[in-house]
Amino acid sequence: MRIDLVGWESRGFRCPDVSIDLRRDGKIPQVALIQMPNGTGKTTTLQLLNAALSGTATQWDAAKIRRYRRKHDTRAEGSFTASLLVNDRLLSIELILDFDAGVARYKTTNPGSGGVVPRWHVPPAVHRFLAQQFLSLFIFDGEFANDLLDGDKAEADRAVDALCQLYLLEDVASFTHEHWDRQTKAHTTKTGAGLVRLIEARDQLALNEQKLKMALADAKARVGALTTESAGLQAHIDEKLNSEDTIRQRYDDARRELLEAQAEVQAKSAELMASMRMPHALHPALAAQLVSLRDNLDRLRLPENTSAQFFEELVREVECICGRPMDEHFAGKIRERAKQYLDADDAGVINALKSDIENFVEDKPVEDDAGFDRVTRLAKVLKDAARRSQDAEQLVRALKQQQIENGDEQLADWQSKLDKSQAQQRTVEALIAAIEGPGEASEPDEKVRSLSLLGKRLAEANARIADITETVKLRQHSELIQLILEKTADRARKRIKAELVDVCNDRLGKILANDPLVIEQIDRSIRLRDQDGASVGQTLSVGYTFLMSVLNRGNNDFPLVVDSPANPIDIGVRRRVAGIIPELCSQFVGLTINTERVGFVDTLKEQVPDAVFLTLFRRTPGTERMMKDLPEGRYTMTDTAVLVDDCDYFYRFDVKEEEDEDGLQTAQ
């Protein structure tokens, strides 16, 4: 799908009354730059554009609606119309704000489907792309660039899913589940209230599962952010204490001892857990019983191909092994049911069990440090390492406390924040462990916090519903399709993100040549290598690079509308960012100020000869001098603003002083 921004028209708002049409000779230009001095309403314009396209203004309260009314303006209403081309078909959405009543309403004009509709009404194929979350991907500002690098958010993942259309796989999976759900619910009138209650319980389990998945994702992101925060605070504390000659050596030694002890605790814990997974290692009696089990299996000649002969020989006896007389009836039953015991799979399991007992349990020499002796030794080593770690931690804390008591307030503040961060991290890690753990089988459904246990109960509920409604095969097919789609989406997401990291880093190497910055990975957010954050210019450069790379990769084309696209970026970076825009965007619309002309605007002018250059400024006493030099036939004028369509005027335009949106004077 291709969506182009044709333009917009504004009347009665804080931003100027103006009609902007970006088309030239019936075509949409690849680059359009609209020079709007500070105070001309760039922010208001983008907010109204977002509200018009998303249909969300009906949720605004009266106070918010009235804030868009210009001071001293007596008009009862304001209207903002956004016009798009959707696959070359015109779509216009008009937002009307009634300032007196404090309400919003819409009109939608879609010539291909019935003309004017008195509400927000877009074609189904476009609906998803005009959701507010999706609009933030191509109505771009510095705040969204910050969100892309915010570890507590998942904007980068959402951008990949949205622009690469991975949501389509989720839609298909949802459709298969909904189809089976409809089939089962169709039986409720035939099978009574019990099935209705079962379906309601299943639906609640499914809802709880989704909430737990979201909670797990948020918790993992939070752990990452807290880990980074704790590491930063610890680095500050280490640096501070190492600068104090009186305790430097003791602190270095204590920290080294603590890190070594913690590493040993971790290593020995993993080693002990691995050893304890072998049953014979838990106690010598278990090993003896396993050997006895193997001997008994050998005595019974199990498993062998002749094991079936055991049952045949049994029926030939005068008495059964239980002491009951063997007659034809019982002999027939034994022959009939013998096939249920010790089939090929069972024989394979028993053979594997006997082999493992022989290899791991029986006759192991002491020098191999195996079994119970190994577990006992590792438990002692782990206990000693834990004691070392505890002693080292106490010493480190004591040295910190000594410095704090000497009046080091900064150290005290860092330590307080570190303690708080680590406490929060332990809480979040406990939540993650509970969600990823097995859970308690006795917990009622509404209190289950284990995804695996919840999944089992959900599967059991679905199985019961399928059995009752005779839709077992349909359920199996639905679950198989959902599993395939889930794995496909996960695999595609990982591959796309890995490729995006390489592409973005290659472009960042050119854009930030003098200030190198590398993306480590895309995991919910964009994570940078060897640094926690980035400057405003770096953040914006990363945001541009990532978003344009994803836009370029997706099968859909969208406009990229940016407020002050180069204001916080230095001239060299401006040139390099502007240089890649024509390669990666089908349409770029920038709301600029005069200070962005150097480096950014002139580079785009060289790259795109047919770029559109518009200049918009308010009509005020301070701008009267600008109206004496307007190019003839190249401007339009309203009561509140002047719009000039001329490249030369764009470059020579200079406003020294202008009103802001509230009527105050702003220096330019």
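E596 contributes a side-chain N or O that, together with a main-chain N or O of I593, makes up a donor-acceptor pair within less than 3.5 Å. Put simply, the side chain of Q35 never gets that close to the backbone of L616: no donor and acceptor are under 3.5 Å apart. A donor-acceptor pair under 3.5 Å is absent between the side-chain atoms of Y106 and the main chain of V117, judged by distance alone. Within the 3.5 Å criterion, the main-chain N or O of D17 finds a donor-acceptor partner in the side chain of T640. For the pair N505 (side chain) and V501 (backbone), a donor-acceptor distance under 3.5 Å is present. Between the side chain of D557 and the backbone N or O of S586, no donor-acceptor pair lies under 3.5 Å. Panel note: side chain T176, backbone A173; a donor-acceptor pair is recorded below 3.5 Å. With hydrogens and angles disregarded, a donor-acceptor distance shorter than 3.5 Å links the side chain of K42 to the backbone of M36. Using a distance-only test at 3.5 Å, with no hydrogens or angles considered, a donor-acceptor pair links the side chain of T108 to the main chain of H121. A donor-acceptor pair is defined here as one N or O able to donate and one able to accept, closer than 3.5 Å; such a pair exists between the side chain of D646 and the backbone of D648.
N462 places a side-chain heavy atom less than 4.5 Å from the side chain of R202. L90 has its side chain within reach of L85: a pair of non-hydrogen atoms, C-beta onward, lies under 4.5 Å apart. Side-chain atoms of L130 and L135, non-hydrogen and from C-beta on, do get closer than 4.5 Å to each other. Taking 4.5 Å as the limit, some side-chain heavy atom of Q210 sits within range of a side-chain heavy atom of K213.
The number of heavy atoms from other shown groups lying within 6.0 Å of CG (D610) is above 12. By the 6.0 Å contact criterion, OH on Y635 is open, its count of non-hydrogen atoms from other residues, nucleotides or ligands being 12 or less.
In summary, the side chains of S92 and S83 do present a donor paired with an acceptor at a separation below 3.5 Å, with no hydrogens or angles considered.
The two residues Q587 and P29 have their closest heavy-atom pair at CG-O, 3.7 Å. Considering every non-hydrogen atom in both G455 and E209, the closest pair reads CA-OE2, 4.1 Å. Heavy-atom minimum distance, R66 versus D100: NH2-O, 2.9 Å. Residues L560 and V562 come closest through the heavy atom pair CG-CG2, 3.8 Å. The two atoms that bring P16 and T40 nearest to each other are CD-O, 2.8 Å, heavy atoms only. Nearest heavy atoms, A82 versus A52: CB-CB, 4.2 Å.
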task = Using the salt bridge (Lys or Arg N to Asp or Glu O under 4.0 Å) rule, take R24 and D645 through it: C-alpha gap first, then chi angles, then the decisive distance, then the call.
result = CA-CA 11 Å; R24 296 296 180 270; D645 182 1; 2.8 Å; yes
request  = Walk me through it: do T44 and R14 pass the test side-chain hydrogen bond (donor to acceptor under 3.5 Å, both in side chains)?
outcome  = CA-CA 7 Å; T44 300; R14 297 183 315 197; 3.0 Å; yes
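A side-chain contact (heavy atoms from CB on, under 4.5 Å) with V6 is found for exactly one of D21, I20, L84, namely D21. Only one option out of D98, L97, L95, T58 pairs with R105 in a side-chain contact (heavy atoms from CB on, under 4.5 Å); it is D98. Between I519 and the choices L528, L500, T545, the side-chain contact (heavy atoms from CB on, under 4.5 Å) rule is met once, by L528. Test K71, R75, R69, R70 against D73 for salt bridge (charged side-chain N to carboxylate O under 4.0 Å, His left out) and you get one pass: R75.
The ring-ring contact (aromatic ring centres under 6.0 Å, His included) check on F558 picks up F129, F134, F138, with sequence neighbours excluded. Partners of E606 under the salt bridge (charged side-chain N to carboxylate O under 4.0 Å, His left out) rule, at least two apart in sequence or in another chain, do not exist in this structure.
Between Y68 and F13, the ring planes lie perpendicular to each other; the angle is over 60°, past the 30° to 60° tilted range.
We find that E499 and K497 are not joined by a salt bridge, their nearest charged nitrogen and carboxylate oxygen being 4.0 Å or further apart.
Screening residues 578-614 for ring pair (Phe, Tyr, Trp, His ring centres under 6.0 Å), with sequence neighbours left out, gives F613-F650.
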